[in-house]
Amino acid sequence: MLELRLVQGSLLKKVLDAIKELVKDANFDCSTTGFSLQAMDSSHVALVSLLLRAEGFEHYRCDRNLSMGMNLDNMAKMLKCSGNDDIITIKADDGSDSVTFMFESPTQDKISDFEMKLMDIDSEHLGIPEAEYHAIIRMPSAEFAKICRDLASIGDTVVISVSKEGVKFSTRGDIGAANVVLRQNTTVDKPEEATIIEMNEPVSLTFALRYMNSFTKATPLSNIVTISLSSELPVVVEYKIAEMGYIRFYLAPKIEE
Amino acid sequence: DAKQGNILSFFKRV
């Protein structure tokens, strides 16, 4: 038996909006730790890792570990039927081939349930090693989204370079080239407006902008994004989900042949 | 042109 009650149901809608462009079908794993997902895009270039901790739910019952295969477009269709202020409860019986999403309006005057068929998905779970990153950039998520969007209008790839000068996002395309340099800035009114660049050693990596732009669909989940770079590893683009967990996107770099 | 890397060459199946 599984029963997860999320008072801020809109969070789940935002989570789906953040990942459904990247991943079509995925297993949601439920354990005493929380509600989680790990999935790659179909070409195995990017990986998404989601965790919503059990403590973040108003009620969290998961009698045994359960993996539920869902089509994310269909899940998003169902969640779209909830009101923005609704409480969402996810329910499933052991061995059932369906999951139920129950939506309650804040005043309890409207209660709906939507049942969705589950699917069998062969999923591969990957071990993500703990790593030391050469550079970690913490910046406003809206600013990162704008940079990715702007650069994608010029080129297909972005070179992210971190040096003593700051962090540089560069692209080049048929019509020209663009460079955006951000310097550390902590003299801001609100902490979420700060740009903090932590550099252990200089690093420069190239990534496909199409994926970066897809990751920025998570912007409504957090005012801050953290980008961790290492020359030997995929970049990590992390959006924290307030008091609940995170979405982390991993993207393999482009490699010079 | 640079070649796109693959997640599976960095993270192993468990």
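Note on naming: letters A, B, ... go to the chains in the order of the sequence lines (proteins, then strands), and numbering restarts at 1 for each one.
Across all their heavy atoms, A:P253 and B:Q4 have their closest contact at O-NE2, 3.7 Å. For the pair A:Y250 and B:I7, the tightest heavy-atom approach, listed with the atom from each and the gap, is O-CD1, 3.8 Å.
Judged as a salt bridge (Lys or Arg N to Asp or Glu O under 4.0 Å), the pairs with a partner in residues 150-168 of chain A (not counting sequence neighbours) are, in order, A:K146-A:D150. Residue pairs meeting the salt bridge (Lys or Arg N to Asp or Glu O under 4.0 Å) criterion with at least one partner in residues 196-221 of chain A, sequence neighbours excluded, are A:E21-A:K217.
Put simply, CZ on B:F11 and CG on A:L233 are 6.0 Å apart, with the number rounded to the nearest 0.5 Å. Between A:L126 atom CG and B:R13 atom CZ the span is 7.0 Å, to the nearest 0.5 Å.
When the shell of 6.0 Å around CG of A:D120 is examined, it contains 12 or fewer heavy atoms from other residues, nucleotides or ligands.
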For residues 130-137 of chain A, tabulate all N or O donor-acceptor pairs below 3.5 Å that involve a side-chain atom, not counting sequence neighbours.
residue: A:H134; atom: ND1; partner: A:S231; partner atom: N; Å: 3.4

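For A:E124, the part lying near chain B is the side chain, with the backbone staying farther off; criterion is any non-hydrogen pair under 4.5 Å. For B:K12, the part sitting under 4.5 Å from any heavy atom of chain A is the backbone (N, CA, C, O) and nothing else.
Using a 4.5 Å heavy-atom cut-off against chain B, the contacting residues of residues 31-49 of chain A are A:M40, A:S43, A:H44, A:V45, A:A46, A:L47.
The choice from A:E232, A:E256, A:H125 that makes the most heavy-atom pairs within less than 4.5 Å of chain B is A:H125.
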